[in-house]
Amino acid sequence: MSLRKCVAPVLMAAGLLAAGVATDARAEPGGCLKYGAVGAVGGHLAHHGVLGAAGGCVAGMYTRHEYRKGLREKAALYDKEHPADPHMSLAERYRNRKTDEQKATLYDAEHPPAPPPGH
């Protein structure tokens, strides 16, 4: 067995591990890989694996788009209710900034859903 055949898998694994550590892992719904894999399995059962994967990928991208759109809308509502302090310097504003996901979570905490009627 040559040295190249031994080292190549180790280098590939190290690269994948470094790429996985360097990325920001968030749990978001949807996504081309998740939905595409499910679509491929469903399509495989119907003998249309590639078509199922493509359809699943499109559905996943749309689901993620709608999720992020909702986050942006809630973040805009949060910003509207909590305007920036005009006496704060730009550096302080930058240090205290929040992501759209954080703002949406805070907005949801401040505005809980109404209980169903009759309860």
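Note: hydrogens, waters and symmetry copies are ignored here, and every other heavy atom, side chains too, is used. Along the sequence shown, the residues carry numbers beginning at 1.
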(request) Please assess Glu110 against His82 for the test side-chain hydrogen bond (donor to acceptor under 3.5 Å, both in side chains), listing each intermediate value before the final yes or no. (result) CA-CA 12 Å; Glu110 292 176 359; His82 301 89; 3.2 Å; yes

(message) Which residue in the set Arg93, Arg97, Glu92 passes side-chain contact (heavy atoms from CB on, under 4.5 Å) when paired with Arg95?
(response)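 It is Glu92, the one option of Arg93, Arg97, Glu92 that forms the side-chain contact (heavy atoms from CB on, under 4.5 Å) with Arg95.
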
(message) Using the side-chain contact (heavy atoms from CB on, under 4.5 Å) definition, which of the options His65, Glu66, Arg64 pairs with Arg68?
(response)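 Of His65, Glu66, Arg64, side-chain contact (heavy atoms from CB on, under 4.5 Å) with Arg68 is met by Arg64 alone.
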
(request) Would you give the length of the straight line joining atom OH of Tyr107 to atom CD of Glu73, rounded to the nearest 0.5 angstrom? (result)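 So the OH of Tyr107 and the CD of Glu73 are separated by 10.5 Å.
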
(request) Answer yes or no: is there a side-chain heavy-atom contact under 4.5 Å between Tyr78 and Lys98? (result)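 In contact.
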
(request) Under 4.5 Å between side-chain heavy atoms, chaining through other members, with only Ile, Leu, Val, Met, Phe, Trp and Tyr counted: pull out the rest of the cluster around Met61, sorted by chain and number. (result)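 Taking Ile, Leu, Val, Met, Phe, Trp and Tyr as members, Met61 stands alone, with no cluster partners.
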
(request) Could you state whether Leu106 and Leu71 fall into the same hydrophobic cluster, counting links through intermediate Ile, Leu, Val, Met, Phe, Trp or Tyr residues with side-chain heavy atoms under 4.5 angstrom apart? (result)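 Leu106 and Leu71: separate clusters.
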
(request) Taking salt bridge (Lys or Arg N to Asp or Glu O under 4.0 Å) as the test, write out the residues that go with Lys34, two or more places apart. (result)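 Residues passing salt bridge (Lys or Arg N to Asp or Glu O under 4.0 Å) with Lys34: none at all.
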
(request) Please determine which of Asp100, Thr105, Asp79, Asp108 meets the side chain to side chain donor-acceptor pair (under 3.5 Å) test together with Lys74. (result)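 Looking at Asp100, Thr105, Asp79, Asp108, the match for Lys74 under the side chain to side chain donor-acceptor pair (under 3.5 Å) is Asp108.
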
(message) Heavy-atom count check: over 12 atoms from other residues, nucleotides or ligands less than 6.0 Å from Tyr67 OH?
(response)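 Buried by this count: over 12 neighbours within 6.0 Å.
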
(request) Could you pull out all residues at least two apart from His111 that satisfy side-chain hydrogen bond (donor to acceptor under 3.5 Å, both in side chains)? (result)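 His111 satisfies side-chain hydrogen bond (donor to acceptor under 3.5 Å, both in side chains) with Glu81 once adjacent residues are dropped.
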
